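It should be emphasised that the depicted structure is a prediction, and the values quoted were computed from it without experimental measurement.
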Amino acid sequence: GAFADAYGRKKSALMAFALSIIGFVALLFTRDIWMMVASALLIGTADAFFSGAMESWAVDRLKNKRLDKTHTQMLLSSGVQSTYAVLLVGSILGGIIGTWSYDVAIALGFPALLYGFYFSLTLKEKIKSVKKDFAKSLLPIIEKTKQAFAFCLSDKKLSALLAISFLFGL
């Protein structure tokens with residue numbers, strides 16, 4: 001969200017798709033554990049660029065269509081439900097296909113990523129004249145993240161949960 005606030009949602013979405021594509025290509029062509037970790041970090045970074053930007057973009061576009069608040073909320077909730085349905089089906093199919101071929105499971109996501117990148121290129125965005133300072137907008141996020149990690153590391157159960165989450169993320 002901070003990058004999108006400073007540089008625009010379109011640039012944030014393009015950065016997210018580009019990092020996702022690079023991360024998945026690297027994941028596809030490596031068997032080295034450290035490259036896999038680096039790929040996972042790239043993909044996670046891409047997700048951070050998506051965060052907030054796409055939702056805000058959708059809300060603004062719906063506002064421009066002058067829909068009433070109830071209609072806008074219904075459209076957004078159906079979009080969220082669709083996202084979770086696709087994630088559920090994709091996870092199941094990816095797991096099934098992944099038992100047969102890891103590479104095919106990853107490669108099947110490329111058309112969606114390429115289409116998303118292309119689609120983001122074609123969208124128009126009104127750039128606001130006042131831009132937030134990107135570095136300043138990151139400082140509270142970094143500080144809260146440090147506090148959260150310190151809190152998790154201070155408790156044995158939370159530390160174990162953090163380690164398990166990290167390992168499952170690999």
Side-chain angles (χ1 to χ4, degrees), residues 1-9 11-59 73 76-110 112-114 116-117 120 131-170:
F3 184 90
D5 290 343
Y7 298 104
R9 295 174 186 142
K11 287 180 183 172
S12 186
L14 290 171
M15 182 70 80
F17 281 114
L19 289 173
S20 291
I21 291 167
I22 293 166
F24 280 109
V25 165
L27 198 57
L28 187 62
F29 290 109
T30 188
R31 295 296 176 254
D32 177 64
I33 188 67
W34 295 112
M35 276 301 295
M36 288 181 178
V37 169
S39 298
L41 289 172
L42 262 179
I43 294 164
T45 303
D47 193 43
F49 280 98
F50 276 123
S51 176
M54 301 309 282
E55 295 86 351
S56 299
W57 207 349
V59 168
Q73 288 173 343
L76 288 174
S77 66
S78 67
V80 169
Q81 289 171 356
S82 298
T83 300
Y84 286 125
V86 168
L87 286 172
L88 177 64
V89 171
S91 297
I92 293 168
L93 288 176
I96 293 168
I97 294 168
T99 58
W100 171 64
S101 171
Y102 170 78
D103 295 334
V104 171
I106 293 173
L108 285 174
F110 282 113
L113 288 173
L114 294 173
F117 187 82
S120 295
K131 291 185 177 184
K132 293 183 180 180
D133 182 11
F134 180 61
K136 285 184 182 177
S137 64
L138 280 181
L139 292 176
I141 297 169
I142 293 169
E143 188 57 38
K144 293 281 185 192
T145 303
K146 285 181 186 176
Q147 290 173 359
F149 271 113
F151 180 74
C152 286
L153 294 175
S154 70
D155 182 90
K156 287 182 182 180
K157 291 179 183 177
L158 288 176
S159 294
L161 184 61
L162 188 64
I164 290 167
S165 297
F166 175 76
L167 293 173
F168 274 113
L170 295 176

Table please: side-chain donor-acceptor pairs of residues 14-35 below 3.5 Å, with sequence neighbours left out.
residue	atom	partner	partner atom	Å
Ser20	OG	Ala16	O	3.0
Thr30	OG1	Asp32	N	3.1
Arg31	NH2	Asp103	OD1	2.6
Arg31	NH2	Asp103	OD2	3.0
Asp32	OD2	Trp34	N	3.3
Asp32	OD2	Met35	N	3.1

- Query: For Asp47, what residues pass the side-chain hydrogen bond (donor to acceptor under 3.5 Å, both in side chains) criterion, not counting sequence neighbours?
  - Reply: none
- Item | Partners meeting side-chain contact (heavy atoms from CB on, under 4.5 Å) with Lys144 (sequence neighbours left out) | Gln147
- Message: Quick check: closest heavy atoms across Asp155 and Leu158, and the distance to 0.1 Å?
- Response: OD2-N, 2.9 Å
- Message: Could you check whether atom CZ of Phe149 has more than 12 heavy atoms from other residues, nucleotides or ligands sitting under 6.0 Å from it?
- Response: no
